[in-house]
*Asks:* 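Before we start, here is the structure in question, set down as C-alpha coordinates.
Note that these values count all heavy atoms, side chains included, but never hydrogens, waters or copies made by symmetry. We count ligands from 1, going down the list as the structure has it; atoms in each ligand are counted the same way.
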Amino acid sequence: MSIGIDKIGFATSKYVLNMSDLAEARGAEPEKFSIGLMLDALSITPISEDIVTLATSAAQEILTEQDKLDIDMVIVATESGIDQSKAASVYVHSLLGIQPFARSFEMKEACYAATAALNYAKLHVATKPDSKVLVIASDIAKYGIGSAGESTQGAGAVAMLVSSNPRILSFNDDNVAQTRDVMDFWRPNYSTTPFVNGIYSTKQYLDSLKTTWTEYQKRNDTDLKEFAAVCLHLPFPKLALKGLNKLMTKELPEENKAQLLANFERSIVYSRKVGNIYTGSLYLGLLSLLENSETLKAGDKIGLFSYGSGAVSEMFSATLVDGYRKMLNPSRLSELDERQPLSVADYEKLFYEEALLDENGTNTFANYKTGNFRLTGIEQHQRIYTKNDN
Ligand code: HMG
(Lines give C-alpha, C1' and ligand atoms only; values in the text may rest on other atoms or scores of the structure.)
Protein backbone atom coordinates (compact mmCIF):
# COMPACT_ATOMS: atom_id res chain seq x y z
CA MET A 1 0.00 0.00 0.00
CA SER A 2 1.36 3.45 -0.83
CA ILE A 3 1.10 6.14 1.84
CA GLY A 4 1.96 9.78 1.39
CA ILE A 5 0.74 13.34 0.90
CA ASP A 6 -2.68 13.51 -0.67
CA LYS A 7 -3.17 17.29 -0.35
CA ILE A 8 -0.98 20.21 0.68
CA GLY A 9 -1.99 23.76 1.62
CA PHE A 10 -0.21 26.88 2.82
CA ALA A 11 -1.07 30.06 4.70
CA THR A 12 1.00 33.03 5.64
CA SER A 13 0.38 36.51 7.02
CA LYS A 14 -1.27 39.39 5.18
CA TYR A 15 1.71 41.69 5.87
CA VAL A 16 5.19 41.67 4.40
CA LEU A 17 8.52 43.38 5.08
CA ASN A 18 10.73 43.92 2.05
CA MET A 19 14.38 43.04 2.69
CA SER A 20 15.57 46.17 0.87
CA ASP A 21 13.76 48.30 3.49
CA LEU A 22 15.22 46.25 6.34
CA ALA A 23 18.71 46.57 4.82
CA GLU A 24 18.39 50.35 4.61
CA ALA A 25 17.14 50.63 8.19
CA ARG A 26 19.92 48.41 9.56
CA GLY A 27 22.71 50.00 7.49
CA ALA A 28 23.36 46.80 5.50
CA GLU A 29 23.87 46.48 1.75
CA PRO A 30 20.66 45.13 0.13
CA GLU A 31 22.79 42.48 -1.65
CA LYS A 32 23.74 40.98 1.71
CA PHE A 33 20.14 39.80 1.99
CA SER A 34 19.19 39.32 -1.67
CA ILE A 35 22.44 37.52 -2.64
CA GLY A 36 24.10 36.61 0.69
CA LEU A 37 20.96 35.01 2.18
CA MET A 38 18.83 34.79 -1.02
CA LEU A 39 15.88 36.47 0.68
CA ASP A 40 13.62 39.18 -0.80
CA ALA A 41 10.90 39.57 1.83
CA LEU A 42 9.61 38.27 5.17
CA SER A 43 6.03 37.52 6.22
CA ILE A 44 5.08 39.50 9.31
CA THR A 45 2.18 38.57 11.59
CA PRO A 46 0.14 40.93 13.78
CA ILE A 47 -0.90 39.87 17.29
CA SER A 48 -4.23 38.52 15.99
CA GLU A 49 -2.52 35.97 13.71
CA ASP A 50 -0.81 33.10 15.55
CA ILE A 51 0.13 29.48 14.89
CA VAL A 52 -3.50 28.41 15.37
CA THR A 53 -4.97 30.86 12.85
CA LEU A 54 -2.19 30.16 10.33
CA ALA A 55 -2.56 26.40 10.76
CA THR A 56 -6.33 26.54 10.43
CA SER A 57 -6.20 28.71 7.31
CA ALA A 58 -3.64 26.39 5.68
CA ALA A 59 -5.81 23.36 6.39
CA GLN A 60 -9.04 25.03 5.32
CA GLU A 61 -7.53 25.59 1.88
CA ILE A 62 -7.41 21.83 1.25
CA LEU A 63 -10.10 20.09 3.30
CA THR A 64 -13.53 19.00 2.07
CA GLU A 65 -16.42 18.12 4.39
CA GLN A 66 -15.69 14.44 3.65
CA ASP A 67 -12.05 14.90 4.73
CA LYS A 68 -13.28 16.31 8.04
CA LEU A 69 -15.25 13.11 8.59
CA ASP A 70 -12.32 10.89 7.59
CA ILE A 71 -9.54 12.59 9.60
CA ASP A 72 -8.92 10.77 12.87
CA MET A 73 -5.69 12.47 13.88
CA VAL A 74 -4.56 16.11 13.91
CA ILE A 75 -0.91 16.88 14.61
CA VAL A 76 0.44 20.41 14.84
CA ALA A 77 4.23 20.58 14.68
CA THR A 78 5.54 23.82 16.10
CA GLU A 79 8.18 25.54 18.18
CA SER A 80 6.02 28.66 18.64
CA GLY A 81 3.58 27.04 21.07
CA ILE A 82 0.89 29.27 22.55
CA ASP A 83 0.32 27.19 25.67
CA GLN A 84 2.51 24.88 27.75
CA SER A 85 -0.37 22.41 28.25
CA LYS A 86 -3.12 22.67 25.67
CA ALA A 87 -2.08 21.61 22.17
CA ALA A 88 -2.67 24.05 19.30
CA SER A 89 -4.18 21.13 17.39
CA VAL A 90 -7.16 21.06 19.78
CA TYR A 91 -8.10 24.61 18.73
CA VAL A 92 -7.45 23.70 15.08
CA HIS A 93 -9.61 20.59 15.32
CA SER A 94 -12.46 22.66 16.74
CA LEU A 95 -12.19 25.62 14.34
CA LEU A 96 -12.16 23.29 11.32
CA GLY A 97 -15.08 21.19 12.56
CA ILE A 98 -13.31 17.82 12.36
CA GLN A 99 -15.32 14.85 13.64
CA PRO A 100 -14.82 14.34 17.40
CA PHE A 101 -13.30 10.84 17.51
CA ALA A 102 -9.87 12.06 16.56
CA ARG A 103 -6.53 12.24 18.37
CA SER A 104 -5.10 15.79 18.52
CA PHE A 105 -1.68 16.73 19.83
CA GLU A 106 1.39 18.89 19.30
CA MET A 107 4.94 17.82 18.43
CA LYS A 108 8.18 19.71 19.01
CA GLU A 109 11.82 19.47 18.01
CA ALA A 110 12.70 22.84 16.52
CA CYS A 111 12.33 22.80 12.73
CA TYR A 112 12.35 19.01 12.57
CA ALA A 113 8.98 18.23 14.21
CA ALA A 114 6.84 18.16 11.06
CA THR A 115 9.01 15.36 9.72
CA ALA A 116 8.45 13.33 12.89
CA ALA A 117 4.72 14.08 12.55
CA LEU A 118 4.66 12.80 8.97
CA ASN A 119 6.40 9.61 10.09
CA TYR A 120 3.86 9.09 12.85
CA ALA A 121 1.03 9.76 10.40
CA LYS A 122 2.49 7.20 7.99
CA LEU A 123 2.61 4.55 10.73
CA HIS A 124 -0.98 5.31 11.68
CA VAL A 125 -2.29 5.03 8.13
CA ALA A 126 -0.32 1.79 7.67
CA THR A 127 -2.44 0.22 10.41
CA LYS A 128 -5.70 1.98 9.45
CA PRO A 129 -5.69 2.46 5.64
CA ASP A 130 -9.06 4.28 5.56
CA SER A 131 -8.03 6.99 7.96
CA LYS A 132 -6.55 10.36 7.08
CA VAL A 133 -4.12 12.31 9.23
CA LEU A 134 -3.86 16.10 9.15
CA VAL A 135 -0.28 17.21 9.78
CA ILE A 136 0.29 20.95 10.06
CA ALA A 137 3.63 22.67 10.49
CA SER A 138 2.95 26.15 11.88
CA ASP A 139 5.45 28.67 13.21
CA ILE A 140 6.34 32.30 13.65
CA ALA A 141 10.10 32.91 13.53
CA LYS A 142 10.90 35.95 15.65
CA TYR A 143 14.52 36.72 16.57
CA GLY A 144 14.31 40.28 17.96
CA ILE A 145 14.68 43.78 16.54
CA GLY A 146 18.25 44.43 15.40
CA SER A 147 19.40 40.88 16.22
CA ALA A 148 21.65 38.89 13.84
CA GLY A 149 18.78 36.57 13.04
CA GLU A 150 16.31 39.40 12.28
CA SER A 151 16.86 39.01 8.54
CA THR A 152 15.82 35.33 8.73
CA GLN A 153 12.39 35.76 10.38
CA GLY A 154 9.06 34.76 8.83
CA ALA A 155 5.68 33.19 9.52
CA GLY A 156 3.50 30.54 7.96
CA ALA A 157 1.89 27.14 8.08
CA VAL A 158 1.91 24.16 5.73
CA ALA A 159 -0.95 21.68 6.06
CA MET A 160 -0.57 18.15 4.68
CA LEU A 161 -3.20 15.46 4.47
CA VAL A 162 -1.59 12.03 4.81
CA SER A 163 -3.52 9.06 3.41
CA SER A 164 -3.22 5.76 1.61
CA ASN A 165 -3.18 5.98 -2.21
CA PRO A 166 -2.10 9.65 -2.06
CA ARG A 167 -2.61 11.89 -5.06
CA ILE A 168 0.59 14.00 -4.76
CA LEU A 169 3.45 11.80 -3.58
CA SER A 170 4.11 8.57 -1.79
CA PHE A 171 6.73 8.16 0.92
CA ASN A 172 9.54 5.68 0.33
CA ASP A 173 10.62 3.64 3.34
CA ASP A 174 14.20 4.86 3.35
CA ASN A 175 14.41 7.38 6.21
CA VAL A 176 17.68 7.88 8.05
CA ALA A 177 17.69 10.19 11.09
CA GLN A 178 20.47 11.59 13.23
CA THR A 179 20.45 13.17 16.72
CA ARG A 180 23.29 15.26 18.14
CA ASP A 181 23.16 17.29 21.34
CA VAL A 182 24.32 20.78 20.31
CA MET A 183 23.45 24.33 21.39
CA ASP A 184 23.13 26.04 18.02
CA PHE A 185 19.64 27.51 18.53
CA TRP A 186 17.28 27.14 21.49
CA ARG A 187 14.52 29.05 23.27
CA PRO A 188 14.13 28.57 27.02
CA ASN A 189 10.61 28.91 28.48
CA TYR A 190 11.39 32.35 29.92
CA SER A 191 12.37 33.89 26.59
CA THR A 192 10.12 35.00 23.73
CA THR A 193 13.03 34.94 21.27
CA PRO A 194 15.65 32.24 20.69
CA PHE A 195 19.30 32.21 21.64
CA VAL A 196 21.36 31.54 18.53
CA ASN A 197 24.95 30.71 17.74
CA GLY A 198 24.43 31.77 14.12
CA ILE A 199 27.60 30.65 12.34
CA TYR A 200 27.85 27.52 14.50
CA SER A 201 24.23 26.67 13.57
CA THR A 202 25.04 26.86 9.86
CA LYS A 203 28.01 24.52 10.42
CA GLN A 204 25.80 22.06 12.33
CA TYR A 205 23.23 22.16 9.55
CA LEU A 206 25.82 21.46 6.85
CA ASP A 207 27.62 18.76 8.82
CA SER A 208 24.34 17.06 9.76
CA LEU A 209 23.41 17.10 6.09
CA LYS A 210 26.72 15.61 4.98
CA THR A 211 26.82 12.84 7.58
CA THR A 212 23.12 11.95 7.34
CA TRP A 213 23.35 11.86 3.55
CA THR A 214 26.42 9.59 3.68
CA GLU A 215 24.61 7.17 5.99
CA TYR A 216 21.44 7.39 3.87
CA GLN A 217 23.38 6.49 0.71
CA LYS A 218 25.05 3.59 2.46
CA ARG A 219 21.89 2.13 3.98
CA ASN A 220 19.83 2.56 0.81
CA ASP A 221 22.57 1.79 -1.70
CA THR A 222 21.70 4.90 -3.70
CA ASP A 223 23.23 8.12 -5.03
CA LEU A 224 22.19 11.55 -6.23
CA LYS A 225 21.69 10.40 -9.84
CA GLU A 226 18.42 8.77 -8.74
CA PHE A 227 16.91 12.10 -7.65
CA ALA A 228 15.11 14.62 -9.84
CA ALA A 229 15.21 17.18 -7.02
CA VAL A 230 16.35 17.60 -3.44
CA CYS A 231 14.43 19.84 -1.03
CA LEU A 232 16.26 21.00 2.08
CA HIS A 233 15.19 22.79 5.24
CA LEU A 234 15.23 26.50 4.36
CA PRO A 235 16.23 28.73 7.31
CA PHE A 236 17.34 30.96 4.43
CA PRO A 237 17.77 29.64 0.87
CA LYS A 238 21.51 30.35 0.55
CA LEU A 239 22.36 27.82 3.26
CA ALA A 240 20.36 25.12 1.52
CA LEU A 241 22.13 25.92 -1.75
CA LYS A 242 25.48 25.52 0.01
CA GLY A 243 24.21 22.18 1.29
CA LEU A 244 23.10 20.97 -2.12
CA ASN A 245 26.46 22.00 -3.61
CA LYS A 246 28.18 19.86 -0.98
CA LEU A 247 26.11 16.81 -2.01
CA MET A 248 26.93 17.21 -5.70
CA THR A 249 30.31 15.52 -6.07
CA LYS A 250 32.68 15.76 -9.04
CA GLU A 251 31.46 12.35 -10.23
CA LEU A 252 27.86 13.53 -10.65
CA PRO A 253 27.12 14.03 -14.39
CA GLU A 254 26.61 17.67 -15.47
CA GLU A 255 23.05 17.00 -16.66
CA ASN A 256 22.07 15.76 -13.17
CA LYS A 257 23.71 18.80 -11.59
CA ALA A 258 21.87 21.13 -13.94
CA GLN A 259 18.52 19.46 -13.20
CA LEU A 260 19.08 19.53 -9.42
CA LEU A 261 20.12 23.20 -9.49
CA ALA A 262 17.17 24.19 -11.70
CA ASN A 263 14.75 22.41 -9.40
CA PHE A 264 16.46 23.93 -6.36
CA GLU A 265 15.63 27.39 -7.77
CA ARG A 266 11.98 26.32 -8.06
CA SER A 267 11.99 25.08 -4.46
CA ILE A 268 12.97 28.47 -3.03
CA VAL A 269 10.51 30.68 -4.91
CA TYR A 270 8.12 30.94 -1.94
CA SER A 271 10.71 30.99 0.86
CA ARG A 272 12.50 33.91 -0.80
CA LYS A 273 9.29 35.89 -0.23
CA VAL A 274 8.20 34.43 3.13
CA GLY A 275 11.40 33.82 5.14
CA ASN A 276 11.94 31.06 7.67
CA ILE A 277 8.76 29.37 8.85
CA TYR A 278 10.76 26.91 10.98
CA THR A 279 9.17 23.45 10.92
CA GLY A 280 7.18 24.22 7.78
CA SER A 281 10.18 25.53 5.81
CA LEU A 282 11.17 22.21 4.24
CA TYR A 283 7.57 21.59 3.19
CA LEU A 284 7.14 25.12 1.84
CA GLY A 285 10.19 24.29 -0.28
CA LEU A 286 8.51 21.09 -1.44
CA LEU A 287 5.30 22.97 -2.27
CA SER A 288 7.27 25.62 -4.15
CA LEU A 289 9.07 22.94 -6.15
CA LEU A 290 5.85 21.12 -7.05
CA GLU A 291 3.99 24.29 -8.02
CA ASN A 292 6.82 25.95 -9.96
CA SER A 293 8.84 23.20 -11.65
CA GLU A 294 7.78 22.57 -15.24
CA THR A 295 10.07 19.58 -15.69
CA LEU A 296 9.04 17.29 -12.83
CA LYS A 297 6.85 14.32 -13.72
CA ALA A 298 5.12 11.35 -12.14
CA GLY A 299 7.62 8.71 -11.01
CA ASP A 300 10.31 11.29 -10.18
CA LYS A 301 12.03 10.78 -6.85
CA ILE A 302 12.50 13.79 -4.57
CA GLY A 303 14.99 13.80 -1.70
CA LEU A 304 14.06 15.66 1.48
CA PHE A 305 16.45 16.87 4.17
CA SER A 306 14.89 17.96 7.45
CA TYR A 307 16.94 19.80 10.11
CA GLY A 308 15.86 21.02 13.54
CA SER A 309 18.33 22.76 15.79
CA GLY A 310 19.39 21.06 18.94
CA ALA A 311 19.73 18.96 16.69
CA VAL A 312 17.76 16.29 14.84
CA SER A 313 18.03 15.76 11.11
CA GLU A 314 16.53 13.26 8.70
CA MET A 315 16.98 12.32 5.07
CA PHE A 316 14.17 10.57 3.23
CA SER A 317 12.54 10.45 -0.18
CA ALA A 318 9.15 10.49 -1.86
CA THR A 319 7.94 9.63 -5.35
CA LEU A 320 5.52 11.78 -7.37
CA VAL A 321 2.31 10.07 -8.42
CA ASP A 322 0.28 10.38 -11.62
CA GLY A 323 -1.85 13.53 -11.82
CA TYR A 324 -0.14 15.30 -8.90
CA ARG A 325 -0.34 18.69 -10.63
CA LYS A 326 -4.15 18.67 -10.36
CA MET A 327 -3.80 18.78 -6.56
CA LEU A 328 -1.82 22.08 -6.53
CA ASN A 329 -2.59 25.81 -6.54
CA PRO A 330 -1.22 27.58 -9.63
CA SER A 331 -2.05 31.09 -8.37
CA ARG A 332 -0.12 31.01 -5.10
CA LEU A 333 2.59 33.40 -6.25
CA SER A 334 0.11 36.15 -7.09
CA GLU A 335 -1.60 35.61 -3.72
CA LEU A 336 1.74 36.23 -1.99
CA ASP A 337 2.09 39.48 -3.91
CA GLU A 338 -1.20 40.68 -2.38
CA ARG A 339 0.35 41.05 1.09
CA GLN A 340 0.49 44.59 2.47
CA PRO A 341 4.05 45.98 2.64
CA LEU A 342 5.09 47.47 5.99
CA SER A 343 7.59 50.19 6.77
CA VAL A 344 10.32 49.05 9.16
CA ALA A 345 8.79 51.17 11.95
CA ASP A 346 5.37 49.52 11.40
CA TYR A 347 6.93 46.04 11.24
CA GLU A 348 8.63 46.65 14.60
CA LYS A 349 5.33 47.72 16.17
CA LEU A 350 3.20 44.99 14.58
CA PHE A 351 5.46 41.96 14.94
CA TYR A 352 6.56 42.75 18.48
CA GLU A 353 3.24 43.95 19.94
CA GLU A 354 2.53 42.22 23.25
CA ALA A 355 -0.83 41.18 24.67
CA LEU A 356 -1.20 43.69 27.49
CA LEU A 357 -3.78 41.97 29.69
CA ASP A 358 -5.80 43.73 32.37
CA GLU A 359 -6.09 42.41 35.92
CA ASN A 360 -8.66 39.83 34.74
CA GLY A 361 -6.35 38.50 32.05
CA THR A 362 -8.38 40.16 29.29
CA ASN A 363 -7.66 42.29 26.21
CA THR A 364 -9.22 42.73 22.77
CA PHE A 365 -6.85 43.16 19.84
CA ALA A 366 -7.05 45.75 17.05
CA ASN A 367 -8.70 44.75 13.80
CA TYR A 368 -5.58 43.72 11.85
CA LYS A 369 -5.73 41.85 8.55
CA THR A 370 -5.58 38.08 9.02
CA GLY A 371 -6.36 35.00 6.93
CA ASN A 372 -9.58 33.04 7.36
CA PHE A 373 -9.37 33.03 11.16
CA ARG A 374 -8.33 35.55 13.82
CA LEU A 375 -7.37 35.70 17.45
CA THR A 376 -9.77 38.44 18.51
CA GLY A 377 -8.42 38.71 22.01
CA ILE A 378 -7.83 37.01 25.32
CA GLU A 379 -10.60 36.74 27.89
CA GLN A 380 -9.75 35.65 31.42
CA HIS A 381 -6.53 34.10 30.06
CA GLN A 382 -8.44 32.14 27.38
CA ARG A 383 -7.64 32.69 23.72
CA ILE A 384 -10.70 33.66 21.68
CA TYR A 385 -10.65 32.67 18.00
CA THR A 386 -13.22 33.57 15.36
CA LYS A 387 -13.72 32.80 11.70
CA ASN A 388 -13.58 35.81 9.38
CA ASP A 389 -16.47 36.44 7.00
CA ASN A 390 -14.21 36.64 3.89
P1 HMG B 1 24.91 37.72 9.45
O2 HMG B 1 25.90 38.19 10.41
O3 HMG B 1 23.67 38.51 9.26
O4 HMG B 1 25.45 37.61 7.99
O5 HMG B 1 24.51 36.26 9.88
P6 HMG B 1 26.91 37.23 7.41
O7 HMG B 1 27.87 38.31 7.70
O8 HMG B 1 27.29 35.84 7.78
O9 HMG B 1 26.55 37.31 5.86
C10 HMG B 1 25.61 36.45 5.32
C11 HMG B 1 26.04 36.14 3.89
O12 HMG B 1 25.90 37.34 3.12
C13 HMG B 1 27.53 35.73 3.77
O14 HMG B 1 27.58 34.74 2.76
C15 HMG B 1 28.19 37.00 3.29
O16 HMG B 1 29.41 36.79 2.56
C17 HMG B 1 27.11 37.55 2.38
P18 HMG B 1 28.53 33.45 2.94
O19 HMG B 1 29.90 33.97 3.14
O20 HMG B 1 28.01 32.73 4.17
O21 HMG B 1 28.29 32.67 1.70
N22 HMG B 1 27.21 39.00 2.11
C23 HMG B 1 27.04 39.54 0.87
N24 HMG B 1 26.76 38.96 -0.30
C25 HMG B 1 26.62 39.79 -1.39
N26 HMG B 1 26.75 41.13 -1.31
C27 HMG B 1 27.02 41.74 -0.15
C28 HMG B 1 27.19 40.93 1.02
N29 HMG B 1 27.44 41.19 2.33
C30 HMG B 1 27.46 39.98 2.99
N31 HMG B 1 27.15 43.07 -0.10
C32 HMG B 1 23.19 34.31 10.00
C33 HMG B 1 23.82 35.33 9.08
C34 HMG B 1 22.56 33.22 9.16
C35 HMG B 1 24.24 33.70 10.90
C36 HMG B 1 22.10 35.03 10.84
O37 HMG B 1 21.12 35.53 10.00
C38 HMG B 1 21.46 34.12 11.88
O39 HMG B 1 21.95 33.95 12.97
N40 HMG B 1 20.26 33.54 11.52
C41 HMG B 1 19.54 32.62 12.42
C42 HMG B 1 20.18 31.25 12.50
C43 HMG B 1 20.01 30.43 11.26
O44 HMG B 1 19.19 30.70 10.41
N45 HMG B 1 20.78 29.34 11.17
C46 HMG B 1 20.67 28.41 10.08
C47 HMG B 1 21.08 26.98 10.48
S48 HMG B 1 20.20 26.43 11.92
C49 HMG B 1 18.64 25.99 11.31
O50 HMG B 1 18.46 25.86 10.15
C51 HMG B 1 17.55 25.82 12.31
C52 HMG B 1 16.59 26.97 12.44
O53 HMG B 1 15.70 26.99 11.33
C54 HMG B 1 15.82 26.89 13.75
C55 HMG B 1 15.17 25.59 14.15
O56 HMG B 1 15.59 24.47 13.85
O57 HMG B 1 14.20 25.70 14.90
C58 HMG B 1 17.28 28.32 12.44
Side-chain angles (χ1 to χ4, degrees), residues 17 19-20 22-40 42-43 51 77-81 106-117 137-158 177-188 191-210 212 231-246 268 271-272 274-285 304-315:
L17 174 66
M19 295 307 282
S20 49
L22 185 64
E24 193 183 334
R26 301 292 177 251
E29 288 173 351
E31 294 77 19
K32 175 174 176 183
F33 298 152
S34 61
I35 299 171
L37 302 178
M38 297 173 82
L39 280 170
D40 302 321
L42 306 176
S43 277
I51 56 156
T78 187
E79 57 179 299
S80 327
E106 205 169 288
M107 285 175 102
K108 178 183 71 184
E109 171 21 53
C111 299
Y112 166 74
T115 303
S138 187
D139 269 310
I140 297 174
K142 213 179 259 191
Y143 285 85
I145 296 169
S147 66
E150 186 182 32
S151 48
T152 59
Q153 300 178 124
V158 177
Q178 176 179 174
T179 298
R180 49 173 71 178
D181 184 5
V182 290
M183 297 306 278
D184 60 333
F185 169 110
W186 68 104
R187 183 163 72 81
S191 179
T192 53
T193 52
F195 292 82
V196 194
N197 286 325
I199 300 301
Y200 178 65
S201 75
T202 60
K203 291 197 170 112
Q204 287 300 326
Y205 174 106
L206 292 173
D207 192 64
S208 292
L209 170 64
K210 197 175 99 193
T212 309
C231 293
L232 301 103
H233 168 51
L234 295 167
F236 53 95
K238 181 67 175 292
L239 184 62
L241 178 59
K242 283 186 186 177
L244 180 62
N245 279 325
K246 277 191 187 298
I268 62 169
S271 293
R272 279 194 83 112
V274 170
N276 192 358
I277 60 166
Y278 287 160
T279 187
S281 289
L282 167 62
Y283 300 98
L284 184 58
L304 294 117
F305 173 68
S306 183
Y307 177 84
S309 284
V312 179
S313 50
E314 186 157 329
M315 192 84 216

*Asks:* Go through the side-chain N and O atoms of S309 and D184 and say whether any donor and acceptor fall under 3.5 Å apart.
*Replies:* yes
*Asks:* Considering heavy atoms of the protein only, find what lies nearest to atom 10 (C) of ligand 1 and give residue, atom and distance to 0.1 Å.
*Replies:* L37 CD2, 3.9 Å
*Asks:* How long is the span from the CE atom in M315 to the CG atom in L304, to the nearest 0.5 Å?
*Replies:* 7.0 Å
*Asks:* If you measure from each non-hydrogen atom of T279 to ligand 1, which part falls under 4.0 Å: side chain, backbone, both or neither?
*Replies:* neither
*Asks:* Can you tell me how far apart CG (L241) and CE (M38) are? Round to the nearest 0.5 Å.
*Replies:* 5.0 Å
*Asks:* Considering only non-hydrogen protein atoms, determine which one is nearest to atom 40 (N) of ligand 1 and report residue, atom name and distance to 0.1 Å.
*Replies:* T152 OG1, 3.3 Å
*Asks:* Which of the atoms in ligand 1, numbered in the order shown and given with their element, are less than 4.0 Å from a heavy-atom of K238?
*Replies:* 21 (O)
*Asks:* Whether the side chain of S20 engages the backbone of P30 through a donor-acceptor N/O pair (distance < 3.5 Å, no angle test) should be reported.
*Replies:* no
*Asks:* Using protein heavy atoms only, decide if any is under 4.0 Å from atom 21 (O) of ligand 1.
*Replies:* yes
*Asks:* Looking at A114 and T279, what are the two nearest heavy atoms and their distance?
*Replies:* N-OG1, 2.9 Å
*Asks:* Look at ligand 1 and say whether Q204 reaches it with a heavy atom at a distance under 4.0 Å.
*Replies:* no
*Asks:* Would you mind checking which non-hydrogen protein atom is closest to atom 25 (C) of ligand 1, with the distance to 0.1 Å?
*Replies:* E31 O, 3.5 Å
*Asks:* Suppose we measure from atom 43 (C) of ligand 1 to each protein heavy atom; which comes out shortest, and what is that distance?
*Replies:* S201 OG, 3.8 Å
*Asks:* Could you tell me which atoms of ligand 1, counted from 1 in the order shown, lie closer than 4.0 angstrom to a heavy atom of N276?
*Replies:* 53 (O), 58 (C)
*Asks:* Would you say Y205 and ligand 1 have an N/O pair spaced under 3.5 Å apart?
*Replies:* no
*Asks:* What are the atoms of ligand 1, with element, lying closer than 4.0 Å to any heavy atom of G308?
*Replies:* 56 (O)
*Asks:* Once rounded to the nearest 0.5 Å, what's the spacing between atom CG of L17 and atom CE of M19?
*Replies:* 7.0 Å
*Asks:* Can you tell me which residue among S271, S151, S281 is in a side-chain hydrogen bond (donor to acceptor under 3.5 Å, both in side chains) with N276?
*Replies:* S281
*Asks:* For atom 42 (C) of ligand 1, which candidate among V196, L39, T202 provides the closest heavy atom?
*Replies:* V196
*Asks:* Is there a protein heavy atom less than 4.0 Å away from atom 5 (O) of ligand 1?
*Replies:* no
*Asks:* What residue and atom, counting heavy atoms only, is the protein's closest point to atom 55 (C) of ligand 1, and at what distance?
*Replies:* C111 SG, 2.7 Å
*Asks:* Do the ring centers of Y205 and F185 come within less than 6.0 Å of each other?
*Replies:* no
*Asks:* What protein heavy atom sits nearest atom 57 (O) of ligand 1, and how far off is it?
*Replies:* E79 OE2, 2.4 Å
*Asks:* I'd like to know if the side chain of E79 reaches the main chain of D139, judged simply by a donor and an acceptor atom lying under 3.5 Å from each other, with no hydrogens or angles considered.
*Replies:* no
*Asks:* With a heavy-atom distance limit of 4.0 Å, tell me whether K32 approaches ligand 1 through its side chain, its backbone, both, or neither.
*Replies:* both
*Asks:* Apply salt bridge (Lys or Arg N to Asp or Glu O under 4.0 Å) to residues E150 and R26 and explain how you reach the verdict.
*Replies:* CA-CA 10 Å; E150 186 182 32; R26 301 292 177 251; 2.7 Å; yes
*Asks:* Kindly say whether I199 contributes a backbone atom to a donor-acceptor pair with the side chain of T202 at under 3.5 angstrom?
*Replies:* yes
*Asks:* Give the atoms of ligand 1, by number and element, whose distance to some non-hydrogen atom of L239 is under 4.0 Å.
*Replies:* 46 (C), 47 (C)
*Asks:* Answer yes or no: does an N/O atom from H233 fall short of 3.5 Å to an N/O atom of ligand 1?
*Replies:* yes
*Asks:* So is K242 touching ligand 1 or not, going by heavy atoms under 4.0 Å?
*Replies:* yes
*Asks:* So, the side chain of T152 versus the backbone of G149: is there a donor-acceptor pair under 3.5 Å, distance only?
*Replies:* yes
*Asks:* Any protein heavy-atom neighbour for atom 32 (C) of ligand 1 (distance below 4.0 angstrom)?
*Replies:* no
*Asks:* Begin with the C-alpha distance, continue with both residues' side-chain angles, and end with the deciding distance and a verdict on side-chain hydrogen bond (donor to acceptor under 3.5 Å, both in side chains) for T115 and Y283.
*Replies:* CA-CA 9 Å; T115 303; Y283 300 98; 2.7 Å; yes
*Asks:* Closer than 4.0 Å to some heavy atom of P235 - which atoms of ligand 1 meet that?
*Replies:* 44 (O), 46 (C), 50 (O), 53 (O)
*Asks:* Once you round to the nearest 0.5 Å, how far does CE of M183 lie from CZ of F195?
*Replies:* 9.5 Å
*Asks:* Give the residue and atom name of whichever protein heavy atom lies nearest to atom 15 (C) of ligand 1, and the separation in Å to one decimal.
*Replies:* G36 CA, 4.9 Å
*Asks:* Can an N or O of G198 be found at a distance shorter than 3.5 Å from an N or O of ligand 1?
*Replies:* no
*Asks:* Check this for me: E31, atom CD, are more than 12 non-hydrogen atoms of other residues, nucleotides or ligands nearer than 6.0 Å?
*Replies:* yes
*Asks:* Does the protein place any heavy atom closer than 4.0 Å to atom 52 (C) of ligand 1?
*Replies:* yes
*Asks:* Rounded to the nearest 0.5 Å, what separates atom OG in S306 from atom CD in Q178?
*Replies:* 12.5 Å
*Asks:* Could you tell me whether D184 and ligand 1 have an N or O pair separated by under 3.5 Å?
*Replies:* no
*Asks:* Can you check whether Q204's main-chain N or O pairs, donor with acceptor, with S208's side chain at less than 3.5 Å?
*Replies:* yes
*Asks:* Could you find the nearest protein heavy atom to atom 37 (O) of ligand 1 and give me its residue, atom name and distance?
*Replies:* A148 O, 3.1 Å
*Asks:* Ligand 1 versus Y143, non-hydrogen atoms closer than 4.0 Å: side chain, backbone, both, neither?
*Replies:* side chain
*Asks:* State the atoms of ligand 1, each with its element, that fall below the 4.0 Å cut-off from a heavy-atom position in E29.
*Replies:* 27 (C), 31 (N)
*Asks:* Quick check on contacts: which atoms of ligand 1 are under 4.0 angstrom from a heavy atom of A110?
*Replies:* 55 (C), 56 (O), 57 (O)
